[in-house]
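Notes follow the structure.
Throughout, a chain's letter reflects where its sequence line sits, starting with A, and its residues are numbered from 1. Predicted, not measured: the structure shown is a model, and the values here were computed from it.
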Amino acid sequence: MSDVVTKRKLASTDLANITEVSKKLNGLDKHTLDKLPVQKLYIARNYTVEQLIAPLKVSCFERGVKLDISVGNYNTAFMDAYILPSDIENADYILVSLLSELIVRTDHQAELGQLDNSLQQLIQCYLAKTKAVLIINGLLLPSTTSVDLESGIARYVRSINNSLRRLCYKHYPRTVYQDPNLLVSRIGSNAAIDRRYKYLASSPFTPSYWAEYSRDIAPIICSTFCPPKKVLILDCDNTLWGGVIGEDGIEGILLSQSDYPGRAYYDFQKQVVALLDKGVLLCLASKNNQEDVLAVLDRHPSCLIKRQNIVAMQINWDDKATNIRKIAMELNLGLDSMVFIDDSPTEIALIEQELPEVETICANVPPYDLPSLIENSRSFDGFPLISDEDKVRTQLYESEKVRIKVAEKYTDLESFLAALDVSPNVFTPEEKHFGRLTQLTQKTNQFNLTTRRRNLGEIKAMAASPSYFVKALQVSDRYGDYGITGLFIAQLDESDVIIDTFLLSCRILGKDLEFYFIEKCIEDIYAQWSPGQLIATYTRTLKNDQVSSFWDKLGFTSVEQTEQTHLYSAEKAQLTIPSPRFLSK
Amino acid sequence: MLINEIKQIMADILSIPISEIGDEAHAESIEKWDSLNHMNMMIAIEQQLGIVFTESELVELNSLQSIVESIELKK
C-alpha cells in the first residue's frame, strides 16, 4: 500500500521542470526500483532526444515500471536495424523518432518519397528481426508552413504520416503510431519548440514537449505490467451534468448541446461514451434516488449515456467506498482496474484513503475543463495486450513476408553502408570555412585526439602558414549533406610532421569516415613533404576515451605514455589504415 | 547568494554533491558537465530564475563564474 501512496505523490511531479525531474529521478529509492518489473526501450533517432529520458523514466516509475533506456547514435537510425546492437535485440519497445529536416534538405517530392520508403523498410526490418513493440513517430511538420498546409514540404510530410499511420494500424499489430504534430498543437508551437536549441544542438523540443510526450507513451510502455484500466465509475451530480437532479429536476439540470455550461457536460459525456469503443465498462456511484438518475439516462434529450451502457450501479445514500467495493464484487474485477471520477474532493479523499488501489480523477474543475479530464488522466491508454501466442504468430507472419524483402535489400552493414552512397570530400579550407572549423575545435569532445581549442585567428594563421597542413572533411549521403564535419591539422617540424589536430563531429561517426579522412591526409602529407616520421598524440580528456587507441589501430608505435598524454610515431611503411566499409561496394 | 543557487541547480542536474562544485567550476573540470548536461543546466536555470539566455550565451557560458556574471547583468 505504501507503494501506491508513493506513486500518487510522484504523480504530482511537474514533468516539464528539469530540476524537479532530475531530483526526483536521482532520489528514487534504489531498493524500491529493484523490486519493480523492468522494461527496455531502445530509441532510434537522428536528433537529440536525451531530454526525454528523465521524464519518461519518472512517468514509468509512477506506473510501477522500471524503464531502462538506450539511445542509438545520431544518424545511424537507418543503420541500427541492420547492425542490430544487442540493446535492440533485447528491447521490449523500440521508439523510432526522426526529424525529416535533418534528412531532407530540399522539399523535393523525390527525396521525401525515398524517406518514406526508408522508414517503411526500417519498420519491416525491426518487425522481422526483433520481438519489440515499435512506437513510430510521425514526421514533424515544418514550422514555417502555417500559411498553406497543402503546399510544398508540408503536404508530403502529411502524406508520409498518413501512410505510416495506416501501416501501423492496419498491417502491423506490433506497432503504435504517434503523431508529434498533435502534441505540438495540443501545447502550442511556441511552448513545444525551442528554436535556439533546434539549431545549436539538434534539440528542437522543450521540456514541456517531452513532459507531455512522456505522459503519452508511458502508458504504452507500461502496458504489460500496468495495463489500461477497465472500469470507469462515475459520480452523477456536477459530473455527468451540472446541478443536483434531486433538487433541480430533469428540466433544471445543466446538460445541453448548445449552451454553456450544459454543453461542457455534454462534451464530457461524449468522452465517456467514446470509452465504450475501447471496451471500458461504465458504472455509476451516486448519492441520489435511483429513479431520478435513471430518468435522466432514459429521457433527457442531451444525455448521451444510456441505461444500457451501465454495467453496474450503486445509487443510494451509503458511503462511496462501500459502493465501489460492491461494484468490484458484482463485476468480479480487481479494484486496481478501476477509475473513479467525482466532483467532490471529500469523496475523492475518502476513496484514496479507503481504496488506494482505485485510481481517482477529481472533477472539481470549471465545467470547460471537464471534457479533457479523462484524456489527461491517460488511465485508459496503453498498448492492447497481445498474448504470447499471438505475438509469435504475427511475428512469423511478418518475418516470412518481410525477410525476403530485407534480404534482397541489404544483407549486412557493409552493403547497407555501400547503399548509403556516402560521399566524403577532403579539401583545403578557405576563408569562408574558418568559422565552422574554429567552432569544431571548440565544440568537439568525443572524437577529438588532442582537444586543442582554437580561435578564429589561430585557424587563419595555420591555414596561411607554409609549415602547416590543414584539411577539412565534408560529407554527404543519400539522406543529405552533413556539412563540414572533420578537421586535420599537421605541422612540419624539420624532417618530421607532427599531427596537431584530428577530430570528427559526432554527427558522422559510425561510418568509418575517420579512416578515409586520415588516409587521404597522410597521403597528401607524404606527397607534399615526404617526412621521416609522423608524430601523433592522444591527449586524454574526460570525454574522448573512445579514441584512446585510435593511433594504435593505424599501426603507430607508442613512444611515451603518461596519464594525460600518449605520444606515437610512425613511418609510412608501417601504417595499416583499416579500409572504410562504405567503400566496399 | 546567486552563486549558491546556481551551484544547487548544477548539483541537481549533474546529480553530484554540491560540495564537488567549487567557485572555479567549469565544463572541462567536471566530468558530467558534457554538452547535454550543459543544455539541461542552462534550461533549468532559465526555468528557475525566469530569465532567457541568448544563443551566444548558451554556447559560451561554460564556467560557473561566467554563468553567474551573465545572470547578474540581466537583473
Sort A/Asn26 into side chain, backbone, both or neither according to what part of it lies under 4.5 angstrom from a heavy atom of chain B.
side chain
List the steps and the verdict of side chain to side chain contact (heavy atoms under 4.5 Å, CB included) for A/Ile18 and B/Ile13.
CA-CA 8 Å; A/Ile18 286 203; B/Ile13 298 293; 3.2 Å; yes
Which residues pass the side-chain contact (heavy atoms from CB on, under 4.5 Å) test with A/Thr450, not counting sequence neighbours?
A/Asn448, A/Arg452, A/Thr501, A/Thr537, A/Thr539
Interface moiety of A/Ala54 toward chain B, non-hydrogen atoms closer than 4.5 Å
neither
How would you list, in number order, the residues of residues 39-47 of chain B that have a heavy atom less than 4.5 Å from chain A?
B/Met39, B/Asn40, B/Met42, B/Ile43, B/Ala44, B/Glu46, B/Gln47
Residues of residues 56-69 of chain B contacting chain A, heavy-atom criterion under 4.5 Å, by residue number
B/Leu58, B/Val59
Which atoms of A/Thr48 approach chain B - backbone, side chain, both or neither, heavy atom under 4.5 Å
side chain
Side chain, backbone, both or neither: which part of A/Thr541 has an atom under 4.5 Å from a heavy atom of chain B?
neither
Note: B/Ile30 and A/Leu542 closest approach over all heavy atoms is C-CD1, 3.8 Å
So which part of B/Leu36 gets closer than 4.5 Å to some heavy atom of chain A, the side chain, the backbone, both or neither?
side chain
Determine yes or no for a side-chain-to-main-chain donor-acceptor pair under 3.5 angstrom, with A/Ser22 supplying the side chain and B/Asp12 the backbone.
yes
Mark yes when over 12 heavy atoms from residues, nucleotides or ligands other than B/Lys7 sit less than 6.0 Å from its NZ; otherwise mark no.
yes
B/Ser35 OG to A/Lys543 NZ distance, which is reported to the nearest 0.5 Å:
7.5 Å
The criterion is side-chain hydrogen bond (donor to acceptor under 3.5 Å, both in side chains); which residues satisfy it with A/Tyr213, sequence neighbours excluded?
A/Asn137
Electrostatic pair B/Glu28-A/Arg453, nearest N-O below 4.0 angstrom
yes
